Amino acid sequence: MAPSKPRVRFAPSPTGYLHIGGARTALFNYLYAKRYGGTFILRMEDTDQERSTPESVQAILDGLDWLGLDWDEGPGKEDPKYGPYFQTQRLDTYRRHAELLISQGKAFRCYCTREEITQRREAVEKAKGPGSYKYEGTCHDLKAPPPGKKLEDAVIRFRMPSGEGTVSFNDKVLGTITKPYSDLDDWVMMRADGIPLYNYGCVIDDHLMDITLVSRGQEHINSTFPQLMLYQALGWTPPDFAHLPLILGPDREKLSKRKHPEADVMLHKRTGIMPEALLNFVIRLGWSHGNDEVISREQMVEWFDFDGVGSTSGVWNPEKLQWLNQQWFKLLPPAVVAERLVPFLEARGFQAKGDARLEPLVLALRERSRTLEEMANTASIYFKSGVTLDEKAAAKHLGGDSLNLLRQAREKLAALPAWTVEPLDGVVKTVSEAAQVGMGKVAQPIRVAITGNTTSPGIGETLLLVGREEALKRIDAALARGT
RNA sequence: GUCCCCGUCGUCUAGAGGCCCAGGACGCUGGCCUUUCAAGCCGGUAACACGGGUUCGAAUCCCGUCGGGGACACCA
């Protein structure tokens with residue numbers, strides 16, 4: 001059903017970090033391209049001179065890189081046929097097409113100043129009449145600059161066809177959407193300085209780059225109509241469109257950089273969410289495949305299509321994100337998780353790289369942690385020297401009889417030929433059986449002594465992770481403290 | 001204000017006229033397991049916005065109401 005070789009794109013404007021909505025748009029486009037053997041293009045819409053920065057370009061590249069969303073064409077992967085993928089490097093092209101449209105009477109130069117337009121708009125809005133402001137057509141039929149104005153002062157406006165008419169398109173997720181000409185007006189395509197505006201540059205590029213399907217957020221639905229008018233004026237066949245449902249913040253408003261810190265993709269990297277989990281979470285916001293929840297990259301590629309995309313906006317759900325992260329802890333090879341954990345450990349001042357305990361540590365903690373940050377936090381007691389005892393825990397488990405049991409366990413532990421899980425756990429068993437008490441009576445004092453607290457992985461595992469020397473040292477400290 | 005989109009458990013969703021007095025997942029919660037905490041397993045909680053139609057039959061189709069969101073720039 002899909003075009004045999006779709007060409008899709010992700011076209012962010014580099015005005016800040018890569019945000020979640022953008023990441024999901026990129027994901028969907030990426031998956032669609034992969035699924036149908038097409039091409040995924042990255043195009044930088046850097047025409048906003050005030051806000052675009054090289055740092056933002058880098059931030060977006062870094063974000064996509066972290067998520068593993070690699071592009072086939074774009075910055076660093078130029079294709080000679082399509083030219084540069086930064087809009088500011090394509091200015092000639094926009095100018096050329098604008099001149100063509102002017103010569104055909106499909107666009108015109110407008111000399112109204114920004115101030116004048118703003119004034120008129122405000123007047124209309126104040127009047128509280130029905131409808132919103134529409135350009136009055138002041139410069140519609142000018143053949144030359146009016147007195148006191150120069151050709152270079154003019155912006156270029158699109159000329160809406162006169163008369164009745166409607167524009168419509170069949171959206172791949174929303175179905176047919178129609179709008180009457182009367183809702184549209186002569187919009188600005190290009191500023192006097194030759195910088196194209198979104199609706200203009202976007203169309204020119206999408207067509208010239210042979211884009212077959214434009215998938216973007218639903219906030220762009222209304223801009224599709226003027227864009228369609230442009231395709232028509234240029235005599236070009238428009239691509240297909242697929243408008244994605246929005247992602248909402250906890251306040252149920254569109255997830256935005258301004259109001260929602262969680263909109264920053266890299267924030268999640270910093271808090272220890274893994275890309276597999278973030279992608280998994282984000283794809284389930286607005287797309288589903290039956291009852292599947294935990295979905296791998298391979299399955300996404302195999303299953304994704306726009307017919308699975310829903311039309312209702314989804315609310316950001318941090319609990320589910322964390323749950324998914326834990327699922328991925330358990331799905332990924334321990335070595336991979338360990339590698340990702342290292343920077344978090346190092347940030348806490350531990351020399352973790354190359355430590356042989358890393359993988360056992362992941363194995364022990366992945367069922368008890370939802371983020372790498374959390375894992376690193378609970379891991380810190382295995383890297384520190386010595387331990388601070390929790391008062392309540394010590395009071396409960398390091399008194400009288402418990403101390404005796406701990407002493408017995410300490411002797412057996414010290415005598416062990418091999419410091420591995422089974423014999424370690426065996427000590428708890430032997431000591432408790434000999435003393436005719438439950439295993440908890442023996443395990444808890446040990447646990448408190450070596451971790452300072454009442455909760456940890458299994459005693460054998462914990463002893464192993466702390467290490468023979470350090471464990472005995474901590475037990476001795478606890479023993480000494482009790483006497 | 002105008003235009004556009006949307007409306008199934010608190011949240012993400014399955015559902016494309018009878019399989020649904022609505023299924024899964026997160027969360028919350030009861031139990032089991034158990035040397036602690038988790039994890040796991042078993043169970044519970046909770047929804048078709050409302051009102052009219054159409055139909056033998058509607059969460060599914062139509063209309064209206066209400067509610068939510070988005071867009072209305074020489075930003076993208």
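To find a chain, count down the sequence lines: A is the first, B the second, and so on, and within it residues start at 1. All figures in this text were calculated on a predicted structure; none of them were measured in a lab.
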S.K.: Roughly how far apart, to the nearest Å, are B:C26 and B:C21 at atom P?
M.R.: 25 Å
S.K.: Does B:U34 pair with anything, Watson-Crick or G-U wobble, both distances under 3.5 Å, and if so, with which nucleotide?
M.R.: none
S.K.: Mark yes or no: A:Arg109 above the aromatic ring of A:Tyr111, with NZ or CZ under 6.0 Å from the six-membered ring centre and no more than 45 degrees from the axis.
M.R.: no
S.K.: So, A:Asn453 side chain and A:Thr455 main chain: donor-acceptor pair closer than 3.5 Å or not?
M.R.: no
S.K.: When the C1' atoms of B:G70 and B:G30 are compared, how many Å lie between them, rounded to an integer?
M.R.: 43 Å
S.K.: Counting only heavy atoms not in A:Lys257, do more than 12 fall under 6.0 Å of its NZ?
M.R.: yes
S.K.: Just call it for A:Asp425: base, sugar-phosphate, or nothing, with non-hydrogen atoms closer than 4.0 Å on any strand.
M.R.: base
S.K.: With nearest nucleotide decided by heavy atoms, which residue, A:Ser313 or A:Met190, maps closer to the 5′ end of RNA chain B?
M.R.: A:Ser313
S.K.: Say you pick atom P in B:C37 and the same atom in B:A47; how far apart are they, in whole Å?
M.R.: 33 Å
S.K.: Nearest of B:C74, B:A14, B:U36 to any side-chain atom of A:Arg447?
M.R.: B:U36
S.K.: From B:C5, B:U11, B:C74, pick the nucleotide closest to the side chain of A:Leu197?
M.R.: B:C74
S.K.: For a 4.5 angstrom cut-off between non-hydrogen side-chain atoms, does A:Thr138 reach A:Cys110?
M.R.: no
S.K.: Of the nucleotides B:C26, B:U35, B:C74, which one has an atom closest to the side chain of A:Trp323?
M.R.: B:C26
S.K.: Regarding A:Pro457, tell me which of base, sugar-phosphate or nothing describes its non-hydrogen contacts under 4.0 Å with the strands shown.
M.R.: base
S.K.: Using a 4.0 Å heavy-atom cut-off, does A:His243 contact any base of the nucleic acid, only the sugar-phosphate backbone, or nothing at all?
M.R.: nothing
S.K.: A cation-pi test, strictly: NZ or CZ of A:Arg357 under 6.0 Å from the centre of the six-membered ring of A:Tyr382 and no more than 45 degrees from its axis. Yes or no?
M.R.: no
S.K.: Using a heavy-atom cut-off of 4.0 Å across all strands, would you classify A:Leu246 as base, sugar-phosphate, or nothing?
M.R.: sugar-phosphate
S.K.: Between B:C5 and B:C42, how far is it from one C1' atom to the other, in whole Å?
M.R.: 43 Å
S.K.: It should be established whether A:Arg121 places a side-chain nitrogen or oxygen under 4.0 Å from OP1 or OP2 of nucleotide B:G1.
M.R.: no
S.K.: Starting at CD1 of A:Ile41, measure out to CZ of A:Arg43 and round the result to the nearest 0.5 Å.
M.R.: 8.5 Å
S.K.: Any donor-acceptor pair under 3.5 Å linking the side-chain atoms of A:Gln444 with those of A:Arg447?
M.R.: yes
S.K.: B:A16 and B:U60: how far apart are their C1' atoms, nearest whole angstrom?
M.R.: 7 Å
S.K.: Could you state the CD1-P distance from A:Ile117 to B:A73, rounded to the nearest angstrom?
M.R.: 11 Å
S.K.: Within less than 4.0 Å of OP1 or OP2 of B:C37, is there a side-chain N or O belonging to A:Ser456?
M.R.: no
S.K.: Hey, does A:Gly201 reach any base, or is it just sugar-phosphate, or nothing, if we go heavy atoms under 4.0 Å?
M.R.: nothing
S.K.: In terms of the nearest nucleotide of RNA chain B, which residue is placed more toward the 5' end: A:Thr454 or A:Ser311?
M.R.: A:Ser311
S.K.: If you measure from the C1' atom in B:A14 to the same atom in B:A71, how many Å do you get, rounded?
M.R.: 31 Å
S.K.: Quick one: look up who B:C66 pairs with, Watson-Crick or G-U, both distances under 3.5 Å, and put none if it's unpaired.
M.R.: B:G7
S.K.: Any side-chain N or O of A:Thr47 under 4.0 Å from OP1/OP2 of B:A76?
M.R.: yes
S.K.: Now, which nucleotide makes the Watson-Crick or G-U wobble pair with B:G17, with each of the two distances under 3.5 Å?
M.R.: none
S.K.: So which nucleotide does B:C28 pair with, by the Watson-Crick or G-U wobble rule with both distances under 3.5 Å?
M.R.: B:G44
S.K.: Give one of base, sugar-phosphate or nothing for A:Ser132, where a contact means two heavy atoms less than 4.0 Å apart.
M.R.: base
S.K.: Has A:Arg252 got a side-chain N or O lying under 4.0 Å from the OP1 or OP2 atom of B:U11?
M.R.: yes
S.K.: Are any of A:Lys254's side-chain N or O atoms less than 4.0 Å away from OP1 or OP2 of B:A71?
M.R.: yes
S.K.: Can you check the distance between B:C9 and B:A73, where both ends of the measurement are the C1' atom (answer in whole Å)?
M.R.: 41 Å
S.K.: I need the CD-P distance between A:Gln327 and B:C12, as an integer number of Å.
M.R.: 20 Å
S.K.: Is any side-chain nitrogen or oxygen of A:Arg370 closer than 4.0 Å to OP1 or OP2 of B:G27?
M.R.: yes
S.K.: So which nucleotide does B:U54 pair with, by the Watson-Crick or G-U wobble rule with both distances under 3.5 Å?
M.R.: none
S.K.: Does a side-chain heavy-atom distance below 4.5 Å link A:Leu208 with A:Arg90?
M.R.: yes
S.K.: Determine the contact category for A:Lys441: base if any of its heavy atoms lies under 4.0 Å from a base atom, sugar-phosphate if only primed atoms, P, OP1 or OP2 are that close, otherwise nothing.
M.R.: nothing
S.K.: With rounding to whole Å, what would you report as the distance between B:C56 and B:A22 at their P atoms?
M.R.: 26 Å
S.K.: Describe the nucleic acid contact of A:Asp183 in one word from base, sugar-phosphate, nothing, applying a heavy-atom distance below 4.0 Å.
M.R.: sugar-phosphate
S.K.: Which nucleotide sits closest to the side chain of A:Leu174: B:C5, B:C26, B:A39?
M.R.: B:C5
S.K.: How would you label the contact of A:Val155 with the nucleic acid (heavy atoms, under 4.0 Å): base, sugar-phosphate, or nothing?
M.R.: base
S.K.: Between A:Lys330 and B:G40, does any side-chain N or O lie under 4.0 Å from OP1 or OP2?
M.R.: yes
S.K.: Looking at B:G24, does its base get a donor-acceptor pair with the side chain of A:Glu293 below 3.5 Å?
M.R.: yes
